Amino acid sequence: MSDKRTVTITLDGTNKKSVIPLMSGTAGADVFDIRKVYGELGLFTFDPGYGATASCESKITYIDGDVGVLEYRGYPIEQLAEKSNFLEVCYLLLNGDLPNAEQGKDFEMGVMRHTMLHEQLRTFYNGFRRDAHPMAVMCGVVGALSAFYHDSLDIHDAESRRISAFRLIAKVPTIAAWAYKYSVGQPFVYPRNDLTYAENFLHMFHAVPAEEYKINPVLSKAMDLIMILHADHEQNASTSTVRLAGSTGANPFACIAAGIASLWGPAHGGANEAVLKMLTDIGHVRNIPDFLEDVKDRGNHAKLMGFGHRVYKNYDPRAKIIQKACHDVLRELGIKGDPLLDLAIELEKIALSDKYFIDRKLYPNVDFYSGIILKAMGFPTSMFTALFAVSRTVGWVAQWKEMIEDPDQRIGRPRQIYTGPATRPYVDTDKRG
Ligand code: SDX
């Protein structure tokens, strides 16, 4: 991984210089290791938003934003979407390779045996208003898991990390489904270990005690696909939040709760909910030109939600896969033409031919179509980001585990450039302006 090449920085007006080693990975941009630059030159690097900064070494997910590539442990997302299933992808992200039949069975058993919540966690829901946003509930209840699992909080113990990973992957769907049930005043539905992960989630979400809930295989397949596509995505904002929280030694439940909070923002995981609101506000194809003029005028901070990405400067491969799944689900549900999907397709077509978006390399991202398929599957808009959190929990856990197991791991502590007031003496109240 270390490279023989170097980058040399010389500081004008001094005889100081720093010869910086380059590091090459399996794929993607090389990096120059700046860790000794401050000691040699007394300079920090400056990179607000970390757009040009590799915060860590990772073996989990690779993205090439210029050509629209996404791979989990080297496997292209298109192949995993077509051939794998979510629990197998969870095993892959956590353990580094696809499981054999026995490993897969053991892993599935391990997860499905931890889907229930401690009965006292039910009472936590009663403390929320019925109209609380599900992400507020998720932040609270996932964080509260730390108060129940004292036997697996030792982050330096491999077995504690393993059981915490199982508990988080298994319980977050139950917590999300119960957040929905609480919001509509329906009884909580307990998980069922005889169902697949995606079937179990649909069952807990949609079933009611009054009648049998029949799993629609097309919907459970679509749910499993959506979970695969959202499982991990390199060092995005919420994953970086989990890594930073984990670097202090905080327990995994607290770290994942921090990740959920970070994902909630409309610039990140909250975008799928914002896309649906945007499409509803646009209302009709005839309103698209005026809406896009608003976006381009920038004055009112309007954004084309579901478009653009810090890394993808080409089509997000996940968006392509979801758009196709949209058509399959709508066809299966007998929804002839979903006006929102028709509107989204027309909006995408117009935007992709508009100079403003072309010049800025703005393409649909994973959130542009996910809301449409989730709405067609009967999920309320308010649950869209919670579903993203359910899917991303495995990615957060895998990245947290990788960081904790890295022998070079240390607390994350960025620096700054200070541009505030210079040192000055205290001024008594009667002498202030
Ligand atoms: C996710 O990081 C990840 O990997 C995230 C994610 C994951 O799986 O974890 O992929 C999930 O969060 C997807 C992104 C969902 N968010 C949205 O769809 C919200 C809308 N998108 C924008 O807010 C924006 O594109 C971001 C936040 C996603 C990226 O912001 P950047 O990196 O600051 O955008 P940029 O620097 O590439 O922008 C370049 C230009 C700017 O204009 P100028 O200042 O050059 O004139 O494009 C403009 C931006 O203002 N721009 C947009 C736009 N996104 C960027 N203009 C209109 N609409 C947009 N959506």
Side-chain angles (χ1 to χ4, degrees), residues 28 47-55 58 60-66 68-72 77 81 89 93 135 226-243 259-279 282 288 291-322 344 347-348 350-352 354-372 384-385 387-396 398-399:
D47 182 19
Y50 311 111
T53 294
S55 64
S58 180
I60 299 174
T61 293
Y62 173 65
I63 301 170
D64 182 331
D66 294 331
V69 163
L70 167 58
E71 295 173 349
Y72 294 160
I77 193 68
V89 166
L93 290 170
M135 287 298 275
I226 290 166
M227 290 174 164
I228 290 174
L229 296 177
H230 289 79
D232 193 52
H233 212 241
E234 201 213 66
Q235 305 312 318
N236 59 84
S238 53
T239 297
S240 300
T241 302
V242 170
R243 277 182 172 259
I260 292 171
S262 174
L263 183 75
W264 194 356
H268 188 15
N272 50 20
E273 182 176 350
V275 166
L276 251 288
K277 185 179 178 315
M278 173 187 74
L279 293 172
I282 293 172
I288 290 177
F291 171 75
L292 290 181
E293 283 315 307
D294 267 355
V295 168
K296 290 187 275 189
D297 116 42
R298 305 281 299 279
N300 56 12
H301 306 296
K303 289 257 187 198
L304 178 48
M305 300 310 281
F307 257 65
H309 199 277
R310 174 60 57 80
V311 175
Y312 288 125
K313 300 308 171 193
N314 199 316
Y315 216 101
D316 182 335
R318 302 167 297 177
K320 275 188 195 152
I321 298 167
I322 285 194
L347 176 58
E348 174 192 336
I350 297 172
L352 291 184
D354 184 304
K355 191 173 178 316
Y356 178 92
F357 298 95
I358 294 169
D359 290 352
R360 291 165 175 80
K361 297 186 176 180
L362 301 177
Y363 290 86
N365 59 53
V366 66
D367 292 300
F368 190 65
Y369 286 105
S370 58
I372 295 165
F384 290 178
T385 310
L387 294 177
F388 194 150
V390 167
S391 312
R392 184 57 56 89
T393 293
V394 63
W396 290 329
Q399 298 269 354

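As the structure lists them, so they are numbered: ligands from 1, and atoms in each ligand from 1. Keep in mind the model is a prediction, meaning the values are calculated, not measured.
The protein reaches atom 16 (N) of ligand 1 closely, with a heavy atom under 4.0 angstrom from it. For atom 39 (C) of ligand 1, the protein comes within 4.0 Å by no heavy atom at all. Counting only heavy atoms, the protein never gets under 4.0 Å from atom 36 (O) of ligand 1. Within a 4.0 Å radius of atom 6 (C) of ligand 1, the protein has at least one heavy atom.
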- Task: In sequence, state the C-alpha distance, the side-chain angles, and the governing distance for D367 and D316, and then conclude on side-chain contact (heavy atoms from CB on, under 4.5 Å).
- Result: CA-CA 10 Å; D367 292 300; D316 182 335; over 6 Å; no
- Show your working on side-chain contact (heavy atoms from CB on, under 4.5 Å) between Y363 and L352 and close with a plain yes or no. CA-CA 7 Å; Y363 290 86; L352 291 184; 3.9 Å; yes
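One N or O on the side chain of D47 and one on the backbone of G51 form a donor-acceptor pair closer than 3.5 Å. With hydrogens and angles disregarded, a donor-acceptor distance shorter than 3.5 Å links the side chain of R310 to the backbone of G49. Not one N or O on the side chain of Y369 forms a donor-acceptor pair closer than 3.5 Å with the backbone of P364. Within the 3.5 Å criterion, the main-chain N or O of G269 finds a donor-acceptor partner in the side chain of T385. Formation of a donor-acceptor pair under 3.5 Å by the S238 side chain with backbone atoms of S262 is not found in this model. No side-chain donor-acceptor contact under 3.5 Å links R243 to the backbone of T239.
For the salt bridge (charged side-chain N to carboxylate O under 4.0 Å, His left out) test, residues two or more places apart in sequence or in another chain that qualify with D359 are K355.
Note on ligand 1: K313 sits in its first shell, one or more heavy atoms being nearer than 4.0 Å. Proximity of V311 to ligand 1 is not established, as no heavy-atom distance is less than 4.0 Å.
At most 12 non-hydrogen atoms from other residues, nucleotides or ligands lie less than 6.0 angstrom from OH of Y50.
Taking only non-hydrogen atoms, the option from R392, K361, R360, E234 nearest to atom 41 (C) of ligand 1 is R360. In this structure, of K303, H230, H268, the residue bringing a heavy atom nearest to atom 59 (C) of ligand 1 is K303. Nearest to atom 28 (C) of ligand 1 by heavy atom, out of G395, P266, G308, is G308. Among N236, L70, T239, the residue whose heavy atom sits closest to atom 2 (O) of ligand 1 is N236.
For ligand 1, the atoms closer than 4.0 angstrom to any heavy atom of V295 are 57 (C). Which parts of ligand 1 touch R310 is read off a 4.0 Å heavy-atom cut-off, strictly below it: atoms 29 (C), 31 (P), 32 (O), 33 (O). Interface atoms of ligand 1 facing D367, defined by a heavy-atom separation under 4.0 Å, are 1 (C), 13 (C), 14 (C), 15 (C). Heavy-atom proximity to G306, at under 4.0 Å, picks out these atoms of ligand 1: 17 (C), 18 (O). Numbered from 1 in the order shown, with element, the atoms of ligand 1 that lie under 4.0 Å from a heavy atom of Y356 read 56 (N). Listed by number with element, the atoms of ligand 1 under 4.0 Å from a non-hydrogen atom of H309 are 2 (O), 3 (C), 4 (O), 5 (C), 6 (C), 10 (O), 13 (C), 25 (O), 28 (C).
Only one option out of V366, V311, I77 pairs with L70 in a side-chain contact (heavy atoms from CB on, under 4.5 Å); it is I77. When each of L279, N365, V275 is tested with M305 by the rule side-chain contact (heavy atoms from CB on, under 4.5 Å), just one qualifies, namely V275. A side-chain contact (heavy atoms from CB on, under 4.5 Å) with N236 holds for exactly one of R392, H309, Q399; it is R392. None of W396, F388, Y312 except one satisfies the ring-ring contact (aromatic ring centres under 6.0 Å, His included) rule with H233; the exception is Y312.
Residue R318 has at least one nitrogen or oxygen atom sitting less than 3.5 Å from a nitrogen or oxygen atom of ligand 1, judged on distance alone. At a 3.5 angstrom cut-off on N or O pairs, F307 counts as close to ligand 1. Checked against a 3.5 angstrom limit, the closest N/O atoms of A271 and ligand 1 fall outside it.
Nearest protein heavy-atom neighbour of atom 27 (C) of ligand 1: A267 O, 3.8 Å. Here the heavy atom of the protein found nearest to atom 43 (P) of ligand 1 is R298 NH1, 3.5 Å. Among all protein heavy atoms, the one lying closest to atom 4 (O) of ligand 1 is H233 ND1, 2.6 Å. Looking at atom 19 (C) of ligand 1, its nearest protein heavy atom turns out to be M305 CE, 3.6 Å. Of the protein's heavy atoms, N365 ND2, 3.5 Å lies nearest to atom 14 (C) of ligand 1. Of the protein's non-hydrogen atoms, L362 CD2, 3.6 Å is the one closest to atom 55 (C) of ligand 1.
Distance CD1/I282 to CG/L347: 5.0 Å, rounded to 0.5 Å. With rounding to the nearest 0.5 angstrom, the CG atom of L93 is 5.5 Å from the CG atom of D232.
With a 4.0 Å heavy-atom cut-off, ligand 1 is reached by no atom of Y363. If you look at L304 next to ligand 1, the close heavy atoms, those under 4.0 Å, come from the backbone and the side chain alike.
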